[in-house]
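These numbers come from the heavy atoms of this one structure, side chains and all, not from hydrogens, waters or symmetry mates. All residue numbers refer to positions in the sequence shown, counting from 1. No experiment lies behind these values; they were computed from the predicted model shown.
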Amino acid sequence: MKSMSNVDIFTISNELNNLLSGARVDKSFQPTKDIVVMRFHVPGTGRIDLVMQCGSRIHTSQYPLENPTTPPTFPMLLRKRVKGAHVESIKQHNFDRVVEIRVKKDKYYTIIVELFDKGNIILLDEDNNIILPLKRKRLSTRDISSKIEYEFPEERGINPITATEKEFKEIFNDSESDVVRTLAINGLGSLYAEEVIKRANEITELDKNTPNNELTEKQLEGLYGGFKDLFDNLSEDTIRPQIVKSENKEDVVALDLKKYDDFEKTYFESFNEACDEFYSKKVNTSIKNTRESAWNKKVNKFEKRLRLQQETLDNFHKTIEDSQHKGEIIYSNYTTIENIVTVVNQARSKDYSFKEIGKTLKKAKKDGMAEAQIYESIDKLGVLTLKIDDTTLNIDPKLTIPENAENYYEKAKKAKRKTKGAEIAIENTKKQLEDIKAKKDIAMENIAVPKKRVKKNLKWYEKLRWFVSSDGHLVIGGRDANSNESVVKKYLEPNDIYLHADIHGASSTAIKLNGDDVNDNLLKESGEFAASFSSAWSMGFTSQDVFWVNPDQVTKTPESGEFLAKGSFVIRGHRNYIRGARVKLAIGIVDYEGKRIMAGPIEALEKHCDNYVVIKPGFTKKEAIAKKIMHKINEDDLLTLDDIIRVLPSGKCDIDEEYHQRKKYEKN
């Protein structure tokens, strides 16, 4: 994969600084061993993910990567130290392939992203001491380890933004090199080195392989002219982010390059967006190939086991067939075999060795003796090898002919007994192979096509908790202290009903009656909604009391001497209670002013959609449960994982399998 050039990093750093300055740092993730994702919240914009890949790239991304269930050490430390911090600045260090992200929380921290060689990501404290690197490295010139001061790589090359004509011309003082190599090793890389030479050729004739010591003053001036013509576009902020394609090459660049005049070009609003499109799909393909390779190893393990088990079973069947056949051959040639055995035993009684007996039998066979024609050999223990009708037999002269035959029959019986175990083992392995292939298919399906996270235009109620009751009334609730304030101050009307779970930490809930009367079923459903979106869920409760009042009983004015926190309200007068409201939700896609995801009471989802998933307080993390829900309800590919996570209650969940089994049974 192409690594970002110094020019790319300059452009990206400027864009990131403009975009993320003042942003709040959220969680960090590590999808692969060399990729770290930092999530930011930008006021007025929302979530922005910054992808940093060691030695390769840094840019914002709308292609979420799959994260490990258990976060590695480095992102966990980032969460601990810098979550909640605000971005002070993002800049490129000395036009090098190094980015500094400076943030402030209780104190200053710096995240260093090294994009040269194999790269690194390093967290520094306010004194520039290393807290933790993603990769520990001990080199001859640099030591990247915890608790020591971070040293930037040695400065080299020129800065195209600040370089004077004199500084530019001085880099050609090395007479042993040529023009293109000199430009490349001084921070421009091969692409921009050749681009400078192309532009210089519009001023004066110049071959890129010209030795430095043969350059004329006019050619040096032409080179500087091409250099200025190219890089003034960066300083003048006239970048043209684009992906260029030809039959055998694809690249992402921030400027219009003459080298790519004949390429197909796709322009983007920002260089971050262009890099996201260029890199993210390639990385997802790479991750897919890596994961597929890992799954293939697991599949191959079972396929190899099955192959060996099948070979073993085939050998058992062959042994049964051969041994039974040999037993039958012994009986059908009883006299012939007995004669040769008698000869051996008589010779042994006269103290002949087996070697001598063998020589005698071999000579007898050669001389044409009929009984000796079946003889092949005799070993040092006296076991005869005989060949009858292309069948080779081992006969022990110390045993009777029936006993020799019985040995073969017993061998066949033993092999037959083993076939049962082999067949059971094969069936088990086949099942395991099918299971692992099914798991592989599901896993590959989840990562096969990276889906772009597109910010949706939400309806006003989608910014809150909401559901539509089974009788068609909209019920809304706050997501946090700010939205709890909005529910009461902005959306609660005189004819509505206000509900709140009778527990600390709950959503302010309002039933939008629109002039209708409230009924018991509507209160029941709204009570379950209010109970589920409260701390009762994270505490693992199965039910929770909920009270309801009229809007004029809800006030922001506390008693004298008391203080009300943001999102809190005082309730005056009598409270009506919904006792033991069920803490359980259903999630599905409903058609309410267009198709959208809704989380609410089971009865409401039963009324408004056919396909839904019932969840309850449990032990599965949000991301994992969201994937299961997505697999079950996202038939028309309307949802992203974030859409589902957004409507889940606070706390871990499980799918209510018992409910779904019962529903399945009722249908049948």
Side-chain angles (χ1 to χ4, degrees), residues 1-12 32 34-35 51-63 65 97 115-119 160 177-202 205-210 223 226-227 229-231 233-234 238-293 296 444 447-452:
M1 181 191 297
K2 168 195 166 176
S3 295
M4 281 186 163
S5 68
N6 300 41
V7 177
D8 295 339
I9 294 165
F10 174 84
T11 311
I12 281 285
T32 70
D34 64 347
I35 294 178
V51 176
M52 302 171 286
Q53 184 170 5
C54 296
S56 179
R57 62 188 177 124
I58 177 171
H59 58 80
T60 60
S61 179
Q62 295 188 41
Y63 290 92
L65 293 168
R97 294 170 64 192
L115 298 167
F116 54 87
D117 295 332
K118 293 184 179 179
S177 188
D178 57 30
V179 176
V180 70
R181 289 179 187 173
T182 300
L183 289 170
I185 64 173
N186 275 278
L188 303 191
S190 60
L191 174 65
Y192 290 98
E194 294 197 8
E195 183 67 20
V196 167
I197 293 168
K198 268 186 174 291
R199 293 177 184 237
N201 268 294
E202 295 181 353
E205 190 176 342
L206 175 66
D207 187 287
K208 68 179 183 178
N209 297 314
T210 303
L223 281 168
F227 178 78
D229 180 50
L230 174 61
F231 291 114
N233 291 313
L234 290 178
T238 53
I239 64 167
R240 297 268 286 162
Q242 59 196 268
I243 292 176
V244 297
K245 289 182 183 178
S246 68
E247 287 184 6
N248 51 15
K249 184 176 174 65
E250 185 178 22
D251 200 358
V252 58
V253 289
L255 304 169
D256 278 322
L257 301 182
K258 295 186 181 300
K259 182 178 174 65
Y260 293 143
D261 277 348
D262 297 329
F263 282 57
E264 176 190 338
K265 298 179 181 180
T266 305
Y267 289 95
F268 295 86
E269 289 187 11
S270 72
F271 193 47
N272 272 278
E273 187 183 349
C275 289
D276 191 21
E277 290 297 320
F278 178 79
Y279 286 105
S280 293
K281 291 179 181 178
K282 294 180 186 299
V283 169
N284 274 281
T285 301
S286 173
I287 290 172
K288 181 190 170 189
N289 291 339
T290 303
R291 301 263 175 93
E292 190 167 22
S293 177
N296 285 341
M444 295 312 298
I447 62 168
V449 181
K451 292 183 179 177
K452 191 172 184 179

In this structure, are over 12 heavy atoms from other groups packed under 6.0 Å from N209 atom CG?
yes

Does the side chain of [X] reach to within under 4.5 Å of the side chain of [Y], using non-hydrogen atoms?
X: D207; Y: V179; answer: no
X: V253; Y: L191; answer: yes
X: P160; Y: L188; answer: yes
X: K265; Y: D256; answer: yes
X: I243; Y: D251; answer: no
X: I58; Y: V51; answer: no

Distance, nearest 0.5 Å, that separates [atom1] of [X] from [atom2] of [Y]:
X: K208; Y: L183; atom1: NZ; atom2: CG; value: 11.5 Å
X: I35; Y: M52; atom1: CD1; atom2: CE; value: 10.5 Å
X: Q53; Y: L115; atom1: CD; atom2: CG; value: 9.5 Å
X: S190; Y: K259; atom1: OG; atom2: NZ; value: 7.5 Å
X: I197; Y: D178; atom1: CD1; atom2: CG; value: 8.0 Å
X: D117; Y: C54; atom1: CG; atom2: SG; value: 11.5 Å

Minimum heavy-atom separation for [X] to [Y], with atom names?
X: N233; Y: L230; answer: ND2-O, 3.1 Å
X: S3; Y: R97; answer: CB-NH2, 3.1 Å
X: I239; Y: L234; answer: CG2-CD2, 4.0 Å
X: E250; Y: K245; answer: OE2-CE, 3.0 Å
X: G187; Y: N6; answer: O-CG, 3.3 Å

Lys/Arg-Asp/Glu bridge criterion (N-O < 4.0 Å) met for D8, K2:
yes

Should E195 and R199 count as an ion pair when the cut-off is N to O under 4.0 Å?
yes

Using residues 268-278 as the side-chain source, report each donor-acceptor pair under 3.5 Å to any protein atom, sequence neighbours left out, with the distance given to one decimal.
unit_1: S270; atom_1: OG; unit_2: E273; atom_2: N; d: 3.1
unit_1: N272; atom_1: OD1; unit_2: T60; atom_2: N; d: 2.9
unit_1: N272; atom_1: ND2; unit_2: E15; atom_2: OE1; d: 2.8
unit_1: D276; atom_1: OD1; unit_2: S61; atom_2: OG; d: 2.8
unit_1: D276; atom_1: OD1; unit_2: S280; atom_2: OG; d: 2.5
unit_1: D276; atom_1: OD2; unit_2: Q62; atom_2: N; d: 2.8
unit_1: E277; atom_1: OE1; unit_2: Y63; atom_2: OH; d: 3.1
unit_1: E277; atom_1: OE2; unit_2: Y63; atom_2: OH; d: 3.0
unit_1: E277; atom_1: OE2; unit_2: K452; atom_2: NZ; d: 3.0

Q242 side-chain N/O to V252 backbone N/O, donor-acceptor pair under 3.5 Å
no

Aromatic ring pairing Y192/F231, orientation class (parallel under 30°, perpendicular over 60°, tilted between)
tilted

Take F263 and L257 through the test side chain to side chain contact (heavy atoms under 4.5 Å, CB included) and record every step on the way to the result.
CA-CA 10 Å; F263 282 57; L257 301 182; over 6 Å; no

